[in-house]
Amino acid sequence: MKVMKFGGTLMGSAAAIQRSAELVLRWAGQEAVVTVVSAMAGVTEALLKLGAQAEAGELEEVTAGWKALRFRHLEAGASLGTQAATLEQIDELLETLRQTLYGIYLLRELSGRSRDLLLSFGERLSAPLMAAALTKAGSRAVALTGGEAGLLTSDHFGHARPLPQTAERLSLQLLPLLAEGSIPVVTGFIGETSSGVITTLGRGGSDYTATLIGAALKADEVWTWKDVDGVMSADPRMVEGAVNLEYLSYGEVMELAHFGAKVLHPLAVTPLQESGIPLRVKSAADPDAAGTLVRAESGPSGPVKAVTSLRQACILTVSGAGMVDAPESLAQIFSLLAQRGISALMISQSSSMANLSLVLRAAEGQPALSLLSERFLRSEWVRDVQLREQVAVVAVVGEGMRGTQGVAAKLFGALAAEGINLLMIAQGSSELNISLAIEAKDEALAVRAAHQAFLSRPDHSSKKAAGSGRLSVSH
Ligand code: ASP
Ligand code: MG
């Protein structure tokens with residue numbers, strides 16, 4: 001049995017949904033398949049925008065945006081030959097969406113709870129379209145919301161977490177459908193509290209839905225379909241010799257996910273780790289290729305598997321001799337940032353403890369600077385808070401680095417040879433990842449130099465990724 005997840009791009013239009021349905025059907029003839037779908041490409045973003053406009057009282061914009069969404073879904077439905085009754089259900093959902101937006105407009109209030117409800121329409125509208133495409137091809141398909149499929153969650157709106165009963169409930173709902181030969185099409189990303197209120201698992205959460213279902217149903221493999229080759233050793237736009245990776249360990253894929261490489265939602269790895277079920281990143285452009293297999297073992301490779309990078313970062317440095325031996329200073333800095341939802345991508349503290357440097361997302365630099373300056377500048381701990389903008393982070397990832405000497409030396413040497421200055425360095429004690437903050441202008445050069453040092457095979461011709469999007473790095 002397989003769980004197959006289709007992201008927004010593969011659900012982007014009637015034609016894309018049709019192709020995705022064909023991928024399901026290639027395998028559904030021989031084995032049971034559960035399908036998990038994202039919203040049509042761009043719809044989650046559009047809903048977020050509509051929510052903000054409704055809250056701001058911009059009714060005309062909201063109406064126009066809603067009409068565009070309605071048109072897009074109904075048109076896709078019609079081109080897929082969706083049965084009249086299903087089209088009617090889709091239109092009813094769209095009407096409920098309109099009312100939801102109007103409610104937000106009237107109240108001028110968008111709570112976490114109403115935002116989750118609002119965002120849920122993306123997946124609730126796309127699942128019936130995939131089911132329609134499968135039905136038209138002659139198979140039995142049933143569209144289900146995450147809640148209907150058994151995904152019971154906490155009420156942490158925006159980042160709800162599955163409750164312990166979820167696994168059992170998922171099997172209870174889905175196994176009978178599989179037994180009667182149907183293909184369940186489950187909305188990714190959304191669940192439901194025990195009182196039936198819709199929740200979301202966080203952006204990109206459809207991956208998590210897929211692996212939760214995979215683990216609950218003891219699938220052989222979870223497949224996430226992408227419109228690109230499997231995961232590559234670097235962004236092929238930066239590195240000509242980037243190659244497809246055959247294997248990644250759970251730990252490696254998490255490192256890549258944390259680095260903004262949209263391989264997989266980092267939380268989606270947990271159910272895989274707990275159940276030992278492998279995941280395959282499959283290319284829709286080349287469905288018979290094995291893709292990248294994500295499993296417990298890292299597989300044969302050198303110390304470094306992939307080089308990834310993240311643009312649009314900044315470094316915030318807090319310093320002051322008063323921080324020495326005052327652990328509460330760190331606690332306060334982090335809790336203040338946490339209260340504003342600012343997360344640190346990389347952290348380093350000098351051993352004198354007199355300064356702390358944090359890599360943050362570029363957009364959060366100025367807010368964090370004012371926040372910390374206001375609060376701490378005249379405190380007994382902090383003498384100075386500084387922000388350095390135009391920073392990129394480059395990371396090398398691989399299980400093989402663990403216990404191998406000379407990896408950092410080689411990396412630093414390769415970058416030094418290109419005249420690249422390192423602003424900050426971090427290696428987790430898991431030794432899976434070495435991250436370097438550098439000036440943004442050096443990003444591509446650094447990625448190429450690191451790839452060259454560890455991964456380039458000069459006698460092999462470079463393998464180009466199919467399709468236009470790239471998996472290795474995103475920003
Ligand atoms: N549609 C949601 C998002 O864009 C969930 C997903 O695509 O996984 O974040
Ligand atoms: Mg999406």
Side-chain angles (χ1 to χ4, degrees), residues 3-13 16-17 20 34-52 65 68-69 72-73 76 90 93-94 97 100 110 112 114-130 143-147 149 151 153 156-162 185-192 198-214 222-228 231 253-254 256-258 260-272 279 281-282 284 294 341 361 469 471 474-475:
V3 178
M4 296 192 184
K5 180 246 159 180
F6 295 88
T9 328
L10 294 174
M11 297 290 293
S13 61
I17 294 173
S20 297
V34 177
T35 311
V36 174
V37 296
S38 286
M40 292 178 85
V43 167
T44 308
E45 282 302 324
L47 289 168
L48 273 173
K49 186 166 163 208
L50 286 177
L69 282 181
R72 188 169 169 198
H73 286 93
I90 292 175
L93 261 177
L94 285 158
L97 167 61
T100 304
L110 182 59
S114 23
R115 186 178 292 110
D116 275 7
L117 175 64
L118 178 62
L119 294 186
S120 75
F121 285 96
E123 272 72 8
R124 285 156 76 199
L125 286 164
S126 69
L129 294 175
M130 173 63 108
L144 301 164
T145 66
L151 213 173
T153 73
H156 294 100
F157 297 104
H159 51 99
R161 294 293 164 258
V185 181
V186 183
T187 61
F189 176 55
I190 64 181
E192 201 173 286
I198 286 191
T199 55
T200 70
L201 304 172
R203 294 304 306 276
S206 296
D207 289 335
Y208 195 20
T209 305
T211 60
L212 283 167
I213 293 177
V222 176
W223 288 5
T224 56
W225 286 97
K226 305 271 182 181
D227 58 346
V228 288
V231 187
V253 91
M254 287 246 266
L256 292 176
H258 278 295
K262 289 202 173 118
V263 179
L264 196 65
H265 190 286
L267 268 175
V269 179
T270 313
L272 300 173
L279 175 137
V281 181
K282 292 276 287 182
V294 179
R361 288 188 183 83
L471 271 179
S474 68
H475 302 282

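All figures in this text were calculated on a predicted structure; none of them were measured in a lab. In listed order, ligands and their atoms are each counted from 1. Counting begins at 1 with the first residue of the sequence.
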Inset, instruction - May I ask you to check if ligand 1 and G202 share an N or O to N or O distance below 3.5 Å? - result: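 In fact, backbone or side chain, G202 has no N or O that close.
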
Inset, instruction - Check whether any N or O atom of K5, backbone or side chain, sits under 3.5 Å from an N or O atom of ligand 1, and answer yes or no. - result: no

Legend entry - Pair T199-D116, side-chain donor/acceptor within less than 3.5 Å: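 Absent: no donor and acceptor within the cut-off.
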
Inset, instruction - Provide the closest heavy-atom pair for V37 versus A127 in the form atom of the first, atom of the second, distance. - result: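 Heavy-atom minimum between the residues: CG2-CA, 3.7 Å.
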
Inset, instruction - Mind listing the closest non-hydrogen atom pair of A210 and V3 along with its distance? - result: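 A210 and V3 have their closest heavy atoms at O-CG1, 3.7 Å.
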
Legend entry - Partner residues of D207 under the side chain to side chain contact (heavy atoms under 4.5 Å, CB included) criterion, sequence neighbours left out: K5, T224, L264, H265, A268

Legend entry - Residues which pass side chain to side chain contact (heavy atoms under 4.5 Å, CB included) with R124, listed by chain and number, not counting sequence neighbours: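 By the side chain to side chain contact (heavy atoms under 4.5 Å, CB included) rule, R124 matches L93, L117, S120, F121, T145, T187, I190, I198.
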
Inset, instruction - Would you please determine whether G7 falls within less than 4.0 Å of ligand 1 on a heavy-atom basis? - result: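 No; G7 lies far enough from ligand 1 that no heavy-atom distance drops under 4.0 Å.
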
Legend entry - Non-hydrogen atom of G8 closer than 4.0 Å to ligand 1: no

Which of the numbered atoms in ligand 1 are below 4.0 angstrom from a heavy atom of [X]?
X    : answer
R203 : 3 (C), 4 (O), 9 (O)
S38  : 6 (C), 7 (O), 8 (O)
G205 : 5 (C), 8 (O)

Legend entry - E123 contact mode with ligand 1 (heavy-atom cut-off under 4.0 Å): side chain

Inset, instruction - For the pair W225 and W223, name the ring-plane relationship: parallel under 30°, tilted 30 to 60°, perpendicular over 60°. - result: perpendicular

